[in-house]
Colleague: 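Once you've had a glance at the structure underneath, I'll fire off some questions.
In the text below, chain A, chain B and the rest are named by the order of the sequence lines, each starting its count at 1.
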Number of protein chains: 2
Amino acid sequence: MDSPKRTTIYDVAREAGVAASTVSRALRNPRRVNAATREHVLQVAERMGYRPSPLATALQSGRTATVAMLVPDITNPHFFGTIKGAERRASAAGITFILSYTEESADNERTQIEHLARSVDGFVLASSRLSDESLWELAEEHNLALVNREVKGLPSAVVDSRVGSRQIVEHLASLGHRSLVYLSGPHQSWPAGERWRGLVDGARGLGMKATRLGPFPPRVVGGGAAADAALVTGATAVVAHNDLLAIGVLRRLAERGVAVPEQVSVVGYDDIFGADFCVPALTTLAGPQDEAGRSAVELLLENRSRSTTRAPDRRVMLPSHLVIRDSTGPAAR
Amino acid sequence: MDSPKRTTIYDVAREAGVAASTVSRALRNPRRVNAATREHVLQVAERMGYRPSPLATALQSGRTATVAMLVPDITNPHFFGTIKGAERRASAAGITFILSYTEESADNERTQIEHLARSVDGFVLASSRLSDESLWELAEEHNLALVNREVKGLPSAVVDSRVGSRQIVEHLASLGHRSLVYLSGPHQSWPAGERWRGLVDGARGLGMKATRLGPFPPRVVGGGAAADAALVTGATAVVAHNDLLAIGVLRRLAERGVAVPEQVSVVGYDDIFGADFCVPALTTLAGPQDEAGRSAVELLLENRSRSTTRAPDRRVMLPSHLVIRDSTGPAAR
DNA sequence: TTGAAAGCGCTAACAG
DNA sequence: CTGTTAGCGCTTTCAA
């Protein structure tokens with residue numbers, strides 16, 4: 001809590017022998033004040049240890065200089081990069097960064113937005129669980145930027161996983177695999193759709209067969225059931241919705257004595273912490289998640305001024321790349 | 001950004017045929033308003049979709065219903081649990097949660113605090129890099145709660161690592177180790193001191209020899225130099241400042257063809273994500289980091305009201321426990 | 001129990 | 001270029 005009394009703009013004004021508005025101007029619009037006056041005011045302010053009140057500024061101006069980022073689950077390492085990138089970008093712009101978790105629930109996401117609406121200038125929604133319709137509706141009232149989700153008319157920053165998925169298929173094909181199984185993530189997950197489409201496209205082009213199983217919870221624990229389901233199909237190559245799930249699959253396969261990559265190849269997405277030291281080290285589609293977070297905040301800042309103007313639907317697409325490690329190898333037989 | 005005009009307390013007042021102050025009371029002090037009036041006001045507010053402005057409330061009342069958490073480095077998985085616990089607790093109390101990174105810098109930490117001072121009710125400082133003196137000074141003006149740091153007179157929530165360190169020593173002693181090397185974390189790190197003291201105490205009690213090396217950066221990359229330094233001493237047991245460093249050590253030892261645990265045993269702290277699937281799986285001191293985050297927020301909330309009153313120096317100490325995996329074994333020879 | 005009125009600290013017309 | 005004035009939306013005395 002703050003100390004009893006803070007020095008206000010009025011204290012500075014009195015001390016400097018000018019009006020409060022002049023102090024305000026000296027601080028915000030330096031060019032609209034006589035250089036000497038400004039200098040003097042600034043010195044007095046400095047000497048008195050004046051600190052502006054963001055609250056008062058925000059209440060009056062409507063700008064809070066704050067953005068909020070909503071993330072489904074903080075436990076998922078997938079988001080660390082995104083959060084970090086977003087936080088960095090916000091800090092750099094002197095913007096306060098609010099982080100909140102929606103616990104994978106669309107309702108929760110909506111509630112949080114309503115709750116924070118008047119305290120922030122905009123929202124970064126990472127892997128939003130909301131429907132397109134809900135997002136459009138919310139975008140009427142709020143400044144939104146999406147991460148890893150594309151919705152017509154809304155600004156977004158996504159790491160490609162469609163082209164990347166094709167690369168995965170090509171990689172597997174070159175190893176002699178004739179079919180693959182995709183262990184899908186949550187149904188509302190936009191990337192899950194992208195990945196599947198990319199895999200299907202790639203497979204079709206190469207005369208491979210692609211099967212989708214799931215959905216599975218995109219966490220390590222989901223790997224048990226996912227691996228078992230995959231084995232039933234007799235697949236030689238398994239593509240998991242993300243690295244967490246892939247690591248769970250790896251674990252289950254080891255338990256069951258299935259050799260990776262000799263009997264089954266495994267691929268993940270995200271290249272999270274641990275993907276390089278699990279056993280075998282995971283082949284995975286890596287992407288600049290931090291860039292995505294950074295860009296999303298940037299899109300928000302661009303839109304801050306024109307709340308009424310229909311914001312142009314800016315989309316940033318970041319390239320991914322396949323990191324080949326030890327979990328993929330020549331097809332069995 | 002918000003839509004052109006939000007409904008205010010005045011709109012509700014007019015519509016309900018009462019004064020604004022009555023609306024305010026109906027919302028905040030339900031008991032100081034006639035039951036019927038209150039009911040009516042609430043309904044009108046509901047119908048008009050009234051949402052209070054946190055800014056205006058904060059400006060007037062001095063309470064922001066917001067806390068900020070400062071973390072040295074978001075990249076470090078060690079903090080995930082703490083952040084999560086803190087965020088959950090804040091959410092549960094309807095408190096907005098601001099997250100910020102200090103990039104391991106004390107100056108930065110101080111700047112952030114000044115910057116956010118007027119926007120929050122208090123700060124959770126996780127593994128603060130500030131000196132005791134700085135913290136005392138800051139505590140004069142701000143509401144602080146520390147995580148994994150104890151400072152006389154300040155509220156804190158820490159996961160024990162002193163008693164836990166003794167357990168580590170006992171574990172190693174029981175495996176026949178006669179000496180150990182501690183690969184230290186940053187010098188300003190409070191837990192590093194605790195851990196070292198715990199190890200020394202434990203070693204003395206058991207007639208073991210304990211050596212400290214470092215400091216090393218508490219990240220995977222720090223493991224290379226740390227492992228090499230440890231090997232030079234001929235130690236059979238290595239205790240790394242945290243799991244990140246331990247994983248780096250494991251990696252380096254593997255590179256050098258040193259068998260773990262046959263030739264050298266390795267222990268870490270934190271039980272982070274990955275500690276169970278690195279090779280060999282890491283023996284580590286685990287603790288309820290999320291509880292620590294939760295408690296810290298709680299301490300903050302307790303103190304919110306009495307800013308002037310010298311807050312009682314409440315300390316929460318959470319127990320840790322040793323998780324024994326495959327990186328420790330009988331002493332060589 | 002309710003209303004009127006005075007700000008919280010700042011910004012933004014509008015004059016001068 | 002600078003001062004005066006009127007709020008932003010809400011809470012909180014003080015009276016009635």
Side-chain angles (χ1 to χ4, degrees), chain A residues 1-42 44-45 48-66 117-121 305 307, chain B residues 1-42 44-45 48-66 117-121 305 307:
Chain A
M1 212 109 219
D2 290 329
S3 49
K5 266 302 193 276
R6 284 277 193 170
T7 64
T8 76
I9 207 171
Y10 282 101
D11 301 325
V12 176
R14 194 178 333 104
E15 188 75 10
V18 298
S21 52
T22 301
V23 177
S24 174
R25 279 190 285 257
L27 263 27
R28 308 279 167 192
N29 300 38
R31 335 168 11 129
R32 304 179 45 128
V33 159
N34 177 299
T37 320
R38 176 188 352 130
E39 201 51 41
H40 177 221
V41 169
L42 258 32
V44 174
M48 299 181 75
Y50 168 75
R51 292 276 174 282
S53 158
L55 265 46
T57 307
L59 179 59
Q60 144 64 31
S61 70
R63 297 260 193 94
T64 60
T66 302
R118 325 224 10 189
S119 313
V120 306
D121 288 345
S305 17
S307 62
Chain B
M1 211 114 220
D2 290 328
S3 49
K5 264 310 191 269
R6 284 276 193 170
T7 64
T8 77
I9 208 172
Y10 282 101
D11 301 326
V12 177
R14 192 177 335 104
E15 187 76 9
V18 298
S21 50
T22 301
V23 176
S24 175
R25 279 189 285 257
L27 262 28
R28 309 277 166 192
N29 300 38
R31 334 164 15 126
R32 305 181 43 131
V33 155
N34 177 300
T37 320
R38 175 185 356 126
E39 201 50 41
H40 177 221
V41 169
L42 259 32
V44 173
M48 299 180 76
Y50 168 76
R51 293 275 175 281
S53 158
L55 267 46
T57 306
L59 180 58
Q60 144 66 32
S61 69
R63 298 259 193 95
T64 61
T66 303
R118 323 219 20 184
S119 312
V120 306
D121 289 345
S305 19
S307 60

Colleague: What's the separation between atom OG1 in T57(A) and atom CZ in R63(A), rounded to the nearest 0.5 Å?
Modeller: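 So the OG1 of T57(A) and the CZ of R63(A) are separated by 12.0 Å.
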Colleague: In degrees rounded to 10°, what angle is found between the helical axes fit to the five outermost pairs at each end of the helix from dT1(C)-dA16(D) to dG16(C)-dC1(D)?
Modeller: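 One end axis against the other gives 40°.
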Colleague: Atom CZ in R118(B), atom CZ in R51(A): separation rounded to 0.5 Å?
Modeller: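 Reported value, rounded in 0.5 Å steps: 10.0 Å.
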Colleague: Which residues pass the salt bridge (charged side-chain N to carboxylate O under 4.0 Å, His left out) test with E39(A), sequence neighbours left out?
Modeller: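 So E39(A) forms no salt bridge (charged side-chain N to carboxylate O under 4.0 Å, His left out) with any residue.
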Colleague: Using the test side-chain contact (heavy atoms from CB on, under 4.5 Å), find all partners of T37(A) that sit at least two apart in sequence or belong to another chain.
Modeller: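 By the side-chain contact (heavy atoms from CB on, under 4.5 Å) rule, T37(A) matches V18(A), T22(A), V33(A), N34(A), V41(A).
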Colleague: Considering the options I9(A), L42(A), V44(A), which one meets the side-chain contact (heavy atoms from CB on, under 4.5 Å) requirement together with Y50(A)?
Modeller: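 Only one of I9(A), L42(A), V44(A) forms a side-chain contact (heavy atoms from CB on, under 4.5 Å) with Y50(A), namely I9(A).
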Colleague: Between S24(B) (side chain only) and A20(B) (backbone N and O only), is there a donor and an acceptor less than 3.5 Å apart?
Modeller: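 Looks like no, no N/O pair under 3.5 Å.
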Colleague: Output the distance between atom CD (E15(A)) and atom NE2 (H40(A)), rounded to the nearest 0.5 Å.
Modeller: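 With rounding to 0.5 Å, CD (E15(A)) is 8.0 Å from NE2 (H40(A)).
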Colleague: Can you list everything that forms a side-chain contact (heavy atoms from CB on, under 4.5 Å) with T66(B)? Sequence neighbours excluded, please.
Modeller: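 With neighbours one apart ignored, the set is T64(B), T96(B), I98(B), V120(B).
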Colleague: Name every residue in residues 22-38 of chain B that has at least one heavy atom under 4.0 Å from any atom of DNA chain C, in order of residue number, or write none if there are no such residues.
Modeller: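 Residues of residues 22-38 of chain B that come under 4.0 Å of DNA chain C are, in numerical order, T22(B), R25(B), R32(B), V33(B), N34(B), T37(B).
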Colleague: Check every nucleotide of DNA chain D for an atom under 4.0 Å from a heavy-atom of chain B, then give the first and the last such nucleotide from 5' to 3'.
Modeller: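 It runs dG9(D) to dT13(D).
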Colleague: Taking salt bridge (charged side-chain N to carboxylate O under 4.0 Å, His left out) as the definition, give me every residue that meets it alongside R14(B), ordered by chain and number, with sequence neighbours left out.
Modeller: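 Salt bridge (charged side-chain N to carboxylate O under 4.0 Å, His left out) check on R14(B) returns D11(B).
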Colleague: Roughly how far apart are R32(A) CZ and S21(A) OG, rounded to 0.5 Å?
Modeller: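 Reported value, rounded in 0.5 Å steps: 11.0 Å.
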Colleague: Output every pair passing salt bridge (Lys or Arg N to Asp or Glu O under 4.0 Å) with a member in residues 17-31 of chain A, not counting sequence neighbours, ordered by first then second residue.
Modeller: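 Not a single pair qualifies under salt bridge (Lys or Arg N to Asp or Glu O under 4.0 Å).
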Colleague: Please write out the pairs of protein N or O atoms and N or O atoms of nucleotides 5-9 of chain C separated by less than 3.5 Å, giving the distance to one decimal.
Modeller:
| residue | atom | partner | partner atom | Å |
| --- | --- | --- | --- | --- |
| dG7(C) | N2 | Q60(B) | OE1 | 2.6 |
| dC8(C) | O2 | Q60(B) | N | 3.4 |
| dG9(C) | N2 | A56(A) | O | 3.4 |

